[in-house]
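Owing to the predicted nature of the structure, the values given are computational and were not obtained by experimental measurement. Numbers here simply count residues along the sequence, with the first being 1.
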Amino acid sequence: MNYHVFPTYEALSTHASQFILDYVRQNPTATICVASGETPLLTFQKIVDNAQPGDFDQVTFVALDEWVGIAPDNAGSCRSYIDAPLIKPLGISPDRVSFFDGLAPDLEAECQRVNDFIASKGGLDIIMVGIGLNGHLGLNEPGSSFESYAHVSELEEVTASVGQKYFQSETPLTQGITVGLKHFLEAKTAIVLANGPRKKDIIKRVLEEPISEGLPATALKLHSNGHLWVDTAADAS
């Protein structure tokens, strides 16, 4: 696992965005899985600001996860946090992006649809995610199997509580639907981003604790090309 500390959130975001841009310029048909939330927003902005015409004409995106029961046009949906700042500004056509449908009547079929979509692209080239206060990656909560592909997860209280910040009013959040840790481990490159002092404790745990499904982010230690990039405020080394 490559652990690197950047002096500021902006420096972290600049590096992450340039990594993505450099990669797609050398691998124009790349498939990239990205997370929602606040951490990647500046990375998305910098990708959009610095993309050249043609950079993303053949790139495929996969959204990492979604809240079960939340409509795609809800401002707090995971889709909204990827679609508005990244997918739409880059002009990605609908056939080259996969979002989970949190309102799907058959969630298992929805998981299989996303699994099939990723498989049809030959797997993920890059997966870039944040990390939850409980060490989750995506909505792979503690206890999620490292052998799981897309699946429905029961949300821990901390995840449901923190998730309220994305909504204008209190919103029940009990389940998530997410790309699995097996996808994370099979991606050619796995990147975990963390910023701010609230993430320092969980970063310390990831660095110091043994690999365990009880702490999903430790899966990064199993990855042959895994990167944990943090800003100074989140550094626990």
Can you list everything that forms a side chain to side chain donor-acceptor pair (under 3.5 Å) with [X]? Sequence neighbours excluded, please.
| X | result |
| --- | --- |
| H151 | N140 |
| T232 | none |
| E213 | none |

Classify the ring geometry of F19 against Y23: parallel below 30°, tilted from 30° to 60°, perpendicular beyond 60°.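 If you compare the ring of F19 with that of Y23, the planes turn out parallel.
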Does Y3 have any ring-ring contact (aromatic ring centres under 6.0 Å, His included) partners at least two apart in sequence or in another chain, and if so, which?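 For Y3, no residue satisfies ring-ring contact (aromatic ring centres under 6.0 Å, His included) once neighbours in sequence are set aside.
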Using modelled atom types only, decide if a donor and an acceptor are shared between the side chain of H223 and the backbone of A187 within a distance under 3.5 Å.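 Indeed, once roles are kept as given, a pair shorter than 3.5 Å links the two residues.
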Counting distance only, does the side-chain N/O of N74 pair as donor-acceptor with the main-chain N or O of A71 below 3.5 Å?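 Pair absent, no side-chain N/O of N74 close to backbone of A71.
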Charged N to carboxylate O under 4.0 angstrom, E209 versus K204?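 No, no charged N to carboxylate O under 4.0 Å.
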Note: D235-K200 ion pair, threshold 4.0 Å (strictly below):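 Here D235 does not pair with K200 in a salt bridge, since their nearest N and O are not under 4.0 Å apart.
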Residues in salt bridge (Lys or Arg N to Asp or Glu O under 4.0 Å) with E170, at least two apart?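 E170 satisfies salt bridge (Lys or Arg N to Asp or Glu O under 4.0 Å) with no residue once adjacent residues are dropped.
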Considering only residues two or more places apart or on different chains, which pairs with a residue in residues 58-80 satisfy salt bridge (charged side-chain N to carboxylate O under 4.0 Å, His left out)?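 Counting only pairs at least two positions apart or across chains, the salt bridge (charged side-chain N to carboxylate O under 4.0 Å, His left out) contacts touching residues 58-80 are R79-D83.
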Do K46 and F44 form a cation-pi contact, if we require the NZ or CZ to be under 6.0 Å from the six-membered ring centre and within 45 degrees of the ring's axis?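 So K46 doesn't make the cation-pi contact.
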